[in-house]
Amino acid sequence: MVESSVLKSMENAAILTLAGFCLGIALTGLFAVVLRKGGDRERLCLGIVYFTFIGLIALPLVTTFAEFALLDYMPALLVMLLALPPAFYHYILVKTASPAASHFPWRDTAMPIAGTVVCFGFWILPAQAKEVMFISGDLPPGLLPAVLALLTFALLTLWLLASFAYLVGTLRHLTAFRAHNRQLYSDAEERDMRWVNVVIAVLVLIWATGAISLASENYSDGSMFAEELFLALIAGGLLVMNVFAPIGTPEEVSSDDEDGPDIKYARSALSSDYAAKLAERLETAMRNEKIYLDPSLSLQKLSRHIGARPNQVSQTLNQEIGANFFDYVSRWRIEASKPLITAGDASVLDVALEVGFNSRSAFYNAFKRETGMTPKGYRGLQRGAG
């Protein structure tokens, strides 16, 4: 009995330590949102995301140090949970510059508002009824507790379905955003917001961990779930967000890119003769002038260099050459890197930077995509053939 009590105390201490650590990370991110400059919509969405995580993290701390507030705190968690998916989704819309209304559509506010109504319903219950519901897990007598319990179950079910819908919508917008980047930038991989994939994976794992916890508590002795894992996942997601979710415009527009990243490349009346001439000028700019060596090369820069409009260059690349801007520039850079890789006098990073890439990973991925092998494998093959 004494040993079990000691182990329980150690487990509680570990949970509280992790909760305090997570809370510090979340508060740091929230303060950054408040202090940094940025659009109101972006700051609001990201602030809600951080605030929701703070609410989830603080539960063991409230249970331990502010038990008197626990009965009123738990209903508020429902509102936070319902607000998280639409807030994260709209933050991604802002960061990917997707068209969005100046206000949240009603469908994105319906569940948080309904959760708020249910939360107020719980708050007006007598303390004894709330204790029976939240501590004992039973249903007290009366119509209002039964209605609130039914609405809570319905909202949580809808939350599961809505979370999946928001996940699909987020991935769809990210896919379109990344495809659009490849029409505009030679360093598209640096702008692709790959960190969002990590956050989404963490959110899915948090959801799965919660589901396992619920099953464990209802169908076993509860040993299947470690609350430490739940908090560790939240900590990981928050750390990624703190590093990669800065407040600001999705893509900083340089003075060289006067048209901005959101220019629309509608099909223009481009004759086949003119398209062929543009394709020849593009090849000349790459082969003779090696413009691809510019690591910040964009479609706007290349268009000005050859004296054409961006939509014409984009159309020529897609229709005449059969590649988007990103793949076209990457192809030239990879060709320029092959002799350097074969020589083996420079590191992979040095070669990557010399031919115009901004990072080793971007070069590595592009090289493998173009050649079907790694730089090291290519070097070995070339030397073996020689």
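Because the structure is predicted, anything quoted here is derived from the model rather than measured.
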hydrophobic_cluster_shared for [Y] and [X], side chain cutoff 4.5 Å:
X    : Y    : value
L70  : F68  : no
L340 : L381 : yes
L156 : V147 : yes
M111 : L150 : no
L349 : F367 : no

Under 4.0 Å between a Lys/Arg side-chain N and an Asp/Glu carboxylate O for D350 and R360?
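The answer is no: the pair does not qualify as a salt bridge.
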Under 4.0 Å between a side-chain nitrogen and a carboxylate oxygen: does that hold for R369 and E189?
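Here R369 pairs with E189 in a salt bridge, since their nearest N and O are under 4.0 Å apart.
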Would the number of heavy atoms belonging to other residues, nucleotides or ligands and lying under 6.0 Å from [atom1] of [X] be above 12?
X    : atom1 : result
Y73  : OH    : yes
F51  : CZ    : no
E283 : CD    : yes
K368 : NZ    : no
Y274 : OH    : yes
E289 : CD    : yes

Considering non-hydrogen atoms only, spot the tightest contact between [X] and [Y] and give its length.
X    : Y    : value
M286 : W332 : CB-CE2, 3.4 Å
L30  : I54  : CD2-CD1, 3.7 Å
K290 : R287 : NZ-O, 3.7 Å
P310 : L299 : O-CD2, 3.8 Å
A87  : I48  : CB-CG2, 3.5 Å

Donor-acceptor contact below 3.5 Å, side chain [X] vs main chain [Y]:
X    : Y    : value
S330 : D327 : no
Q312 : R309 : yes
R178 : M193 : yes
W123 : D72  : yes
T64  : L61  : no
R379 : I341 : yes
N324 : F326 : yes

Honestly, is R333 close enough over F357, meaning NZ or CZ under 6.0 Å from the six-membered ring centre and within 45° of the axis?
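Pair R333/F357 counts as cation-pi.
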Would R191 pass as a cation-pi partner of Y185, given that its NZ or CZ must be under 6.0 Å from the six-membered ring centre and within 45 degrees of the axis?
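Geometry flag: set, cation within 6.0 Å and 45°.
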Determine, step by step, whether Y292 and S186 satisfy the side chain to side chain contact (heavy atoms under 4.5 Å, CB included) criterion, reporting the C-alpha distance in whole Å, the side-chain angles of both residues, the deciding distance to 0.1 Å, and the verdict.
CA-CA 8 Å; Y292 58 82; S186 64; over 6 Å; no
CG/L239 to SG/C22 distance, rounded to the nearest 0.5 angstrom?
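The SG atom of C22 is 8.0 Å from CG of L239, to the nearest 0.5 Å.
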Relative to the ring of F122, is the ring of F134 parallel (under 30°), tilted (30 to 60°) or perpendicular (over 60°)?
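Correct class here is tilted.
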Before you tell me yes or no, could you show the steps for T116 and L78 under side chain to side chain contact (heavy atoms under 4.5 Å, CB included), namely the whole-Å CA-CA distance, both residues' side-chain angles and the distance that decides it to 0.1 Å?
CA-CA 8 Å; T116 302; L78 177 64; over 6 Å; no
For N318 and Y328, what are the C-alpha separation, side-chain angles and deciding distance, and is it a side-chain hydrogen bond (donor to acceptor under 3.5 Å, both in side chains)?
CA-CA 10 Å; N318 285 279; Y328 179 68; over 6 Å; no
State, without any angle test, whether E190 and S359 hold a side-chain donor-acceptor pair at a distance under 3.5 Å.
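On atom types as modelled, these side chains qualify, holding a pair under 3.5 Å.
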Can a donor-acceptor pair be found between the side chains of D294 and S296 at a distance below 3.5 Å?
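Distance-only check passes for D294 and S296.
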I'd like to know whether the aromatic ring centres of F88 and Y166 sit less than 6.0 Å apart in this structure.
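Not close enough - the centres of the two rings lie 6.0 Å or further apart.
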